[in-house]
*Asks:* 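My questions all concern the structure below.
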Protein chains: 2
Amino acid sequence: MTVLALRRDEPTSSEMLAGSVGTNAAVIRRILSMLAKHGLVRSRLGAGGGALLARTADEITLAEVYRAVETGELICTHRCEPSSKCVVGARILDVLEPIRQRAESAMFTQLEQVRLSMVSTAVLEEADQPATAPAPELNTA
Amino acid sequence: MTVLALRRDEPTSSEMLAGSVGTNAAVIRRILSMLAKHGLVRSRLGAGGGALLARTADEITLAEVYRAVETGELICTHRCEPSSKCVVGARILDVLEPIRQRAESAMFTQLEQVRLSMVSTAVLEEADQPATAPAPELNTA
DNA sequence: TGCATCTGTGACCATAACGGTGACAGATAG
DNA sequence: CTATCTGTCACCGTTATGGTCACAGATGCA
C-alpha cells in the first residue's frame with residue numbers, strides 16, 4: 001500500500017510489488033483482491049496495468065487496511081467449547097466477550113488515527129536521513 | 001484462572017480444569033506451567049494437590065495473564081523480510097514498528113483495568129440470574 | 001486484428017503452529 | 001509404601017498460511 005501511495009497514479013504490477021515485499025506475485029494478487037473488495041484498491045487490466053489506490057493515501061487509515069486483510073478475531077478466546085456443566089465454563093465466554101471487544105476497539109482507535117499518507121511520508125523522510133535515524137515519530141500521538 | 005479464583009485455597013487438579021475447559025489435562029498443565037513462570041499460579045504436588053493462584057484474584061490483571069500465555073506479537077507485520085533494494089521495503093518495518101507498539105499498548109491498557117476478581121464475580125452474578133436454576137457445581141465430573 | 005501483458009482465481013503442495021495424547025520421573029500426602 | 005498429581009518430553013494429526021503453477025479474461029498497442 002505504501003508503494004502504491006508513493007507511485008500515485010502510476011499503476012504498479014503485482015510482479016513489482018512482489019519484488020518489494022519479497023514474495024510471489026500470486027500472493028500479492030490475493031491480498032490485493034481483498035483490499036479491492038473493501039474499496040481500498042482498484043486495478044487496471046491489460047498491458048501497462050497494475051494496482052492503484054482507490055482513494056488518496058490521506059483518506060485511508062491503517063484500521064481499514066487491517067480490517068480488509070485480517071480475517072479472524074484479534075484476540076481469540078476459546079478454541080474449544082468449554083463444558084456447559086461447569087458454572088464457570090457455562091458463563092465465561094459471555095463474561096469475556098465484552099472485555100475482548102473493549103480491548104480490540106481500543107486498538108482500532110489507535111489504528112484509525114494513522115493514515116497511509118503518514119506512513120508513506122515517514123518512509124521518505126527516513127530515506128532522507130541515512131543511517132542515524134532511530135525512531136521515526138509519526139506525529140499522531 | 002477463574003475456576004482457581006473461585007476455589008480460593010482449595011487446590012484444583014489439572015484433570016478437573018481440563019474437564020471444565022473441555023480439553024486434555026496435559027494441555028492444562030502446559031498452560032499452568034507458563035502461568036507459574038510468570039508468578040500468577042503455584043502448584044501443590046502430591047495427592048490432593050493441584051493449582052492455586054499465587055496472589056489474590058484482585059491482584060491479577062488480564063494483561064498479566066495475556067502476557068504469560070500469549071507468546072507471539074499481537075499484530076504481526078512481515079513474515080518475510082522485505083527487499084532492501086526497494087526504498088519502501090528498506091524502511092517500512094522501522095516506520096511500522098512504533099505504530100504497532102502504540103496499538104498494542106492501547107489494548108494492554110484496557111486489559112490492565114480488568115482484574116481476575118471482576119471476571120469471577122461476573123461469572124457468579126450471571127449464574128445467579130438463570131432461566132433455570134442449575135446446581136452450582138464447579139467441575140464437570 | 002493479433003499479440004503481449006497483467007489481473008483474478010482456483011488448485012495443489014510444503015511448512016509451521018498448535019492442540020491432543022501418552023508416557024514417565026519426581027514430589028508429596030496419608 | 002502407595003496413590004496421586006505435577007512438570008515435561010516426544011509424537012501425531014489437524015489447520016492455517018504462504019509459495020507455486022496454471023489458465024481464462026481484460027486491455028493496451030502495433
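Convention: sequence-line order gives letters A, B, ...; per-chain numbering from 1.
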*Asks:* Assess whether atom CD of B/Q113 is packed by more than 12 heavy atoms of other residues, nucleotides or ligands within 6.0 Å.
*Replies:*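 Yes, enclosed.
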*Asks:* Go through the structure and list residues passing side chain to side chain contact (heavy atoms under 4.5 Å, CB included) with A/R55, not counting sequence neighbours.
*Replies:*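 Partners of A/R55 under the side chain to side chain contact (heavy atoms under 4.5 Å, CB included) test: A/L40, A/E59, A/I60, A/E64.
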*Asks:* Please identify each residue that fulfils side chain to side chain contact (heavy atoms under 4.5 Å, CB included) with A/L52, with sequence neighbours left out.
*Replies:*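 For A/L52, the residues satisfying side chain to side chain contact (heavy atoms under 4.5 Å, CB included) (neighbours in sequence not counted) are A/P11, A/R42, A/R44.
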*Asks:* Is the shortest side-chain N/O distance from B/T23 to OP1 or OP2 of C/dG20 below 4.0 Å?
*Replies:*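 So the side-chain polar atoms of B/T23 do come within 4.0 Å of the phosphate oxygens OP1 or OP2 of C/dG20, strictly under.
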*Asks:* Grab the CD1-C1' distance between B/I28 and C/dT21 for me, whole Å please.
*Replies:*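 So the two atoms are 14 Å apart, to the nearest Å.
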*Asks:* Determine whether B/V114 and B/L6 fall in the same hydrophobic cluster, where Ile, Leu, Val, Met, Phe, Trp and Tyr are linked whenever their side-chain heavy atoms lie under 4.5 Å apart.
*Replies:*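 Yes, B/V114 connects to B/L6 through the hydrophobic network.
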*Asks:* Relative to the 5' end of DNA chain C, which residue comes earlier, B/A26 or A/R42, by the nucleotide with the nearest heavy atom?
*Replies:*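 Nearest-nucleotide comparison on DNA chain C picks A/R42.
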*Asks:* Sugar-phosphate means primed atoms, P, OP1 and OP2; the rest is base. With that split, encode nucleotides 23-29 of chain D 5' to 3' as B, S or - using protein heavy atoms under 4.0 Å.
*Replies:* ---BBS-
*Asks:* Heavy atoms only: give me the nearest B/L35-B/M1 pair and the separation to one decimal.
*Replies:*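 Smallest interatomic distance, heavy atoms only, reads CD1-SD, 3.5 Å.
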*Asks:* Rounded to the nearest Å, what distance is computed from the CG atom of residue A/L35 to the C1' atom of nucleotide C/dT7?
*Replies:*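 Computing the A/L35:CG to C/dT7:C1' distance gives 14 Å.
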*Asks:* Looking at residues at least two apart in the chain, or sitting in another chain, which of them share a side chain to side chain contact (heavy atoms under 4.5 Å, CB included) with A/V3?
*Replies:*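 By the side chain to side chain contact (heavy atoms under 4.5 Å, CB included) rule, A/V3 matches A/R7, A/T12, A/L17, A/S20, B/V88.
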*Asks:* Hey, does the side-chain of A/R30 have a donor or acceptor N/O within less than 3.5 Å of a partner on the base of C/dG10?
*Replies:*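 Absent.
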*Asks:* Rounded to whole Å, how long is the line connecting atom CD1 of B/I31 with atom P of D/dT8?
*Replies:*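 Those two atoms, CD1 and P, are 14 Å apart.
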*Asks:* For D/dC5, does either OP1 or OP2 sit under 4.0 Å from a side-chain N or O belonging to B/S43?
*Replies:*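 No.
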*Asks:* Please report the distance, rounded to the nearest Å, between CG in B/N24 and P in D/dC11.
*Replies:*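 Atom CG in B/N24 sits about 18 Å away from atom P in D/dC11.
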*Asks:* Looking only at side chains, do A/R29 and A/S14 share a donor and an acceptor under 3.5 Å apart?
*Replies:*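 Side-chain D/A pair, A/R29 to A/S14: present.
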*Asks:* Quantified as the angle between the terminal helix axes (five pairs each), what is the overall bend of the helix from C/dT1-D/dA30 to C/dG30-D/dC1 to 10 degrees?
*Replies:*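 Axis-to-axis angle, ends of the helix: 20°.
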*Asks:* Search all heavy atoms of A/A68 against all heavy atoms of A/H38 and return the closest pair with its distance.
*Replies:*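 Heavy-atom minimum between the residues: CB-CG, 3.6 Å.
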*Asks:* Hey, is the main chain of A/S105 close enough, under 3.5 Å, to the side chain of A/T109 for a donor-acceptor pair?
*Replies:*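 Pair found, side chain donor or acceptor close to backbone of A/S105.
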*Asks:* Could you tell me whether A/E112 and A/R67 make a salt bridge, using a distance below 4.0 angstrom between a side-chain N and a carboxylate O?
*Replies:*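 Looking at A/R67 together with A/E112, the answer is yes, because their closest N to O distance falls below 4.0 Å.
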*Asks:* Only one of A/T121, A/V119, A/L124 clears side-chain contact (heavy atoms from CB on, under 4.5 Å) with A/T2; which?
*Replies:*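 With A/T2 as partner, A/T121, A/V119, A/L124 yield a single side-chain contact (heavy atoms from CB on, under 4.5 Å), made by A/V119.
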*Asks:* Considering only heavy atoms, which members of residues 7-16 of chain A lie under 4.0 Å from some atom of DNA chain D?
*Replies:*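 The stretch gives none, as no residue of it lies under 4.0 Å from the strand.
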*Asks:* Is there a side-chain polar atom (N or O) of A/S33 under 4.0 Å from OP1 or OP2 of C/dT9?
*Replies:*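 It does, given that an N or O in the side chain of A/S33 lies less than 4.0 Å from OP1 or OP2 of C/dT9.
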